[in-house]
Each structure stands twice: as structure tokens, then as C-alpha cells.
Amino acid sequence: MIIGGTTFAIISAVVSLIYFMQPWRTCPDDDAPAGCPMLPDDAAIMTAALVVTLFATAVAIAGAASRRRIYF
């Protein structure tokens, strides 16, 4: 759980960052691609990647917490 959650969290965070920066876009109004308006499909992919990031982080934390032993 820890390795899988961490792997998915990192990959989906990178995807979110790439879709936020939009390096493949060009727009006539601005020099930077990040200044271009986001297309609906790009926004949906970025939202899904952010949700996966949060869920995978929670899974990794739950996996780490389940491995911890508490001695009284």
C-alpha cells in the first residue's frame, strides 16, 4: 500500500503539474503557455489527476499507519 500509493501520488502530481503549465499550448494573447485558457478536456484530466493524488496520498498514509505497531 505504501509503495503503490506513493507511486500513484507522484505520477498524478506530475500529470497535474504538466497540465497546469500546458507546455504544448500556444496562444496569441500571451507569451507564456500557462497564460492560455484551459480547454475543458484538459481541465477534466487535471481534476482527475488531482483527485487521484489526494486519494493515493491517503492510501500511502493509511498503509504507513497500518504498519506501525503500538505497544502499551
Side-chain angles (χ1 to χ4, degrees):
M1 280 177 60
I2 298 170
I3 295 172
T6 304
T7 303
F8 276 112
I10 290 171
I11 291 170
S12 58
V14 168
V15 170
S16 299
L17 181 65
I18 290 171
Y19 270 87
F20 179 73
M21 299 302 291
Q22 304 181 50
W24 60 88
R25 299 282 313 272
T26 57
C27 58
D29 300 339
D30 201 355
D31 293 341
C36 299
M38 187 175 278
L39 298 174
D41 290 339
D42 293 343
I45 292 171
M46 188 173 124
T47 302
L50 288 171
V51 169
V52 170
T53 301
L54 293 174
F55 181 72
T57 302
V59 168
I61 291 171
S66 69
R67 293 193 61 177
R68 184 176 174 197
R69 293 184 180 168
I70 300 174
Y71 298 103
F72 290 102

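Here the closest non-hydrogen pair linking T53 and S12 is OG1-OG, 2.7 Å. Summarising the geometry of A9 relative to A56, their closest heavy-atom pair is N-CB, 3.5 Å, with the distance given to 0.1 Å.
We find the CD1-CG distance between I18 and D42 to be 12.0 Å, quoted to the nearest 0.5 Å.
Follow the hydrophobic side-chain contacts under 4.5 Å out from M46 and you never reach V52; the two are in separate clusters. Under a hydrophobic clustering in which Ile, Leu, Val, Met, Phe, Trp and Tyr are joined whenever their side-chain heavy atoms come within less than 4.5 Å, directly or via other members, V14 and I45 fall into the same cluster. No chain of hydrophobic side-chain contacts below 4.5 Å, direct or via other Ile, Leu, Val, Met, Phe, Trp or Tyr residues, connects F8 to M1.
Annotation: side chain to side chain donor-acceptor pair (under 3.5 Å) contacts of S16 (sequence neighbours excluded): none. When the side chain to side chain contact (heavy atoms under 4.5 Å, CB included) test is applied to T6, the partners found at least two apart in sequence or on another chain are I2, I10, A60. The ring pair (Phe, Tyr, Trp, His ring centres under 6.0 Å) search around Y19 returns W24, not counting sequence neighbours.
The side chain to side chain contact (heavy atoms under 4.5 Å, CB included) test with T57 is passed by exactly one of V59, I61, L54: I61.
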Intermediate values then yes/no, side chain to side chain contact (heavy atoms under 4.5 Å, CB included), Q22 and L39
CA-CA 10 Å; Q22 304 181 50; L39 298 174; over 6 Å; no

